[in-house]
Amino acid sequence: MKLNDMEKAMLAGEMGEPRRWAMDHMIKVGRMFDAADLVPVSQVHMMADPESIGEAGADFMAKMAAHPEKDRRVAVPMITDPRGVDLNYYRPLGQSEEMAALERRFITACEKLGILMTDTCINYQTIMPPVLGDHVAFGDTGVVIYCNSVLGARSNFEGGPSALAAGLTGRTPRYGLHLDEKRRATRRFMVKEQPKGLTDWGVLGAVIGRMAGSYWEVPVVEGIENKPTSDAMKHFGAAMASWGSTPLFHIVGVTPEAPTLAAVGGDKLTAEPVQKSDLDALRSNFGGKGDKIDIVVFAAPQLSIVEMQQVADLVTGKTLAKSTAMIVCTSPAVYADATRMGLVANIEGSGAKVLQGTCFYQQYAREIGEANGWKRLLSNSAKIVNILGGYGYQPALASMEACVASAVAGEIV
Amino acid sequence: MTDRILKCHPGIGPVVEGRALVADDNFSARYDLDRIKGVFSRPQHKLAGQSYVDVILVLNTAKGGVASAWMLYEMKSRRIAPKAILFNAANTILVQGAALAEMAMCDRFADGDVTKLIKTGERLRVDPEQGQVTVLQDA
């Protein structure tokens, strides 16, 4: 891999051990993907919840944080994905002091590196959205697919260690979606059934993700008749990335790199229809009317302020069934706004709980499920129902309106 | 019978030997595994219920989220991890995780679908730097 003088100095350890480690890590990864060199990045977003990192990850970060400040300070703005423990509300969820201690230890290390603890997977709605052509190093698949697709930024899926390496050096290996040729469409889908709400968008994203099926496929989508909202794109992308490991899509006439089908090479591909039956088939895996539910979850991705208002409007004046819990996850920034606007009070007045800076599946989902007897779970997120089967849940999928009505009834309506 | 050599793209991590556990399915440490018990836990996975500890996993591709990068390191630190993972196509996350965990990982096999080239139980030597997997003749 071609390195400039500064990169060679970092690799030689002349700018401290953390940057030497970061260079070594990026060269290993870059070699496997045939990266010719490194590309500067404007900002970094790191996923690192305590369930994923464990004691080993916390120890690793603590070692980084023990280096002198000039050696450990990140080189570009670096922010964080949701945490695993809302330190204001973890005992009632059945999370342990050990989990909270691990969380605190990791946060302390991050702060010593100059990482901004934004604790959000909706940074593109709330912090600093990247711009067209902006090279970044983002974690959280939902963040990456949204920023690549809707904003035209350039990022691979960066796991926590690689995001950290990018933060320490201000660079990332130039492979994958940093390259023009990897952003051309490889599959062409024609939508036959217009999505109506956020869950419909999630289901459509899930179906296309599953059909595309690989990190290295780029779907281009035709047939969308109305301009989607940012929240719709959020659910569409998060579900596609979850079901397909897909980091980029184009929608003709919507996303910035696809003003036309030909602009992304889609005119040379055979169109594959996405039928109502494909969408129904995916939905049929997740619950049916009359099924009892233990918990309703709004998360994955965290809710925008607009979604917070929508949930609040639906639950205000209602009381949840005694047998059914409801958890709503949002970012600390949105939580502060939603508190100021009275939305949190309205939601919690129903018996629901709003958590800040976490996302349900990233916060020891298995352990909190077992501690609270939550097994039958309902959500409007096509992403979360895909994940939680592996955590011992029986997930079901419904619209936001149906989720709230079901939480009140105690069963799927 | 003689050893059979499979060429692949140069990979990551050390040379390792072990038994293959093969499925025409995908991989996510978060979605598919009970990382405490060391088994595949997602009921729909073709390896559901089987232990992944100290085997060489042979799978189609990686799927799902970025958590797997930290998780490989965490799993390796507790020694409840596979020795290596071979894919038809790795994604970025698994490669990044393998780099931190110093776990062997290879993909892009010259002779086609690796989940058909290798059978469960076969003994393998994985040499990532050389881009080579050897199916060893059992003694």
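Residue numbering restarts at 1 for every chain, and letters A, B, ... go by the order of the sequence lines. Computed from a predicted structure; not experimentally measured.
For the pair B:Arg78 and A:Glu55, the salt-bridge criterion is not met [side-chain N within less than 4.0 Å of a carboxylate O].
Side chains of A:Phe60 and B:Leu100 form a contact here, defined as non-hydrogen atoms less than 4.5 Å apart. Taking the side chain as every heavy atom from C-beta outward, B:Leu94 and A:Phe157 never approach each other to under 4.5 Å. Side-chain contact between B:Val66 and A:Thr141 is present, with at least one heavy-atom pair separated by less than 4.5 Å.
Looking at A:Asp49, only its side chain comes within 4.5 Å of chain B, counting heavy atoms on both sides. Contacts of A:Ala48 with chain B are made by both backbone and side-chain atoms, with heavy-atom separations under 4.5 Å. Looking at A:Arg31, only its backbone comes within 4.5 Å of chain B, counting heavy atoms on both sides. Looking at B:Asp32, neither its backbone nor its side chain comes within 4.5 Å of chain A, counting heavy atoms on both sides. Of the two parts of B:Thr61, only the side chain, counted from C-beta on, holds a non-hydrogen atom closer than 4.5 Å to a non-hydrogen atom of chain A. When heavy atoms are compared at a cutoff of 4.5 Å, B:Ala62 approaches chain A solely by way of its backbone atoms N, CA, C and O. Heavy-atom distances place the side chain of B:Pro43, and not its backbone, under 4.5 Å from chain A. Both the backbone and the side chain of B:Asp34 come within contact range of chain A, judged by heavy atoms closer than 4.5 Å.
The side-chain hydrogen bond (donor to acceptor under 3.5 Å, both in side chains) analysis of residues 100-109 of chain B, with sequence neighbours excluded, yields no pairs.
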>> Test side-chain contact (heavy atoms from CB on, under 4.5 Å) on B:Gln96 and A:His25; report intermediate values, then the result.
In response: CA-CA 8 Å; B:Gln96 295 159 6; A:His25 176 85; 4.3 Å; yes
>> side-chain hydrogen bond (donor to acceptor under 3.5 Å, both in side chains), that's the test. Do A:Tyr391 and B:Arg30 meet it? Break it down for me.
In response: CA-CA 9 Å; A:Tyr391 279 83; B:Arg30 190 193 290 281; 3.2 Å; yes
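Of all non-hydrogen atoms in B:Trp70 and A:Gly57, the two that sit nearest each other are CZ3-CA, 4.2 Å. Residues A:Lys28 and B:Ala99 come closest through the heavy atom pair NZ-O, 4.2 Å.
Summarising the local packing, NZ of B:Lys37 is surrounded by 12 or fewer heavy atoms from other residues, nucleotides or ligands at distances under 6.0 Å.
Once rounded to the nearest 0.5 Å, the distance linking OG of A:Ser162 with CD1 of B:Ile93 reads 7.5 Å. From B:Ser28, atom OG reaches atom CG of A:Asn386 across 9.0 Å, with rounding to the nearest 0.5 Å. To the nearest 0.5 angstrom, B:Ser41 atom OG is 5.0 Å from A:Arg366 atom CZ.
Contact annotation for residues 237-246 of chain A against chain B (heavy-atom separation below 4.5 Å, listed by residue number): A:Ala241, A:Ser242, A:Ser245.
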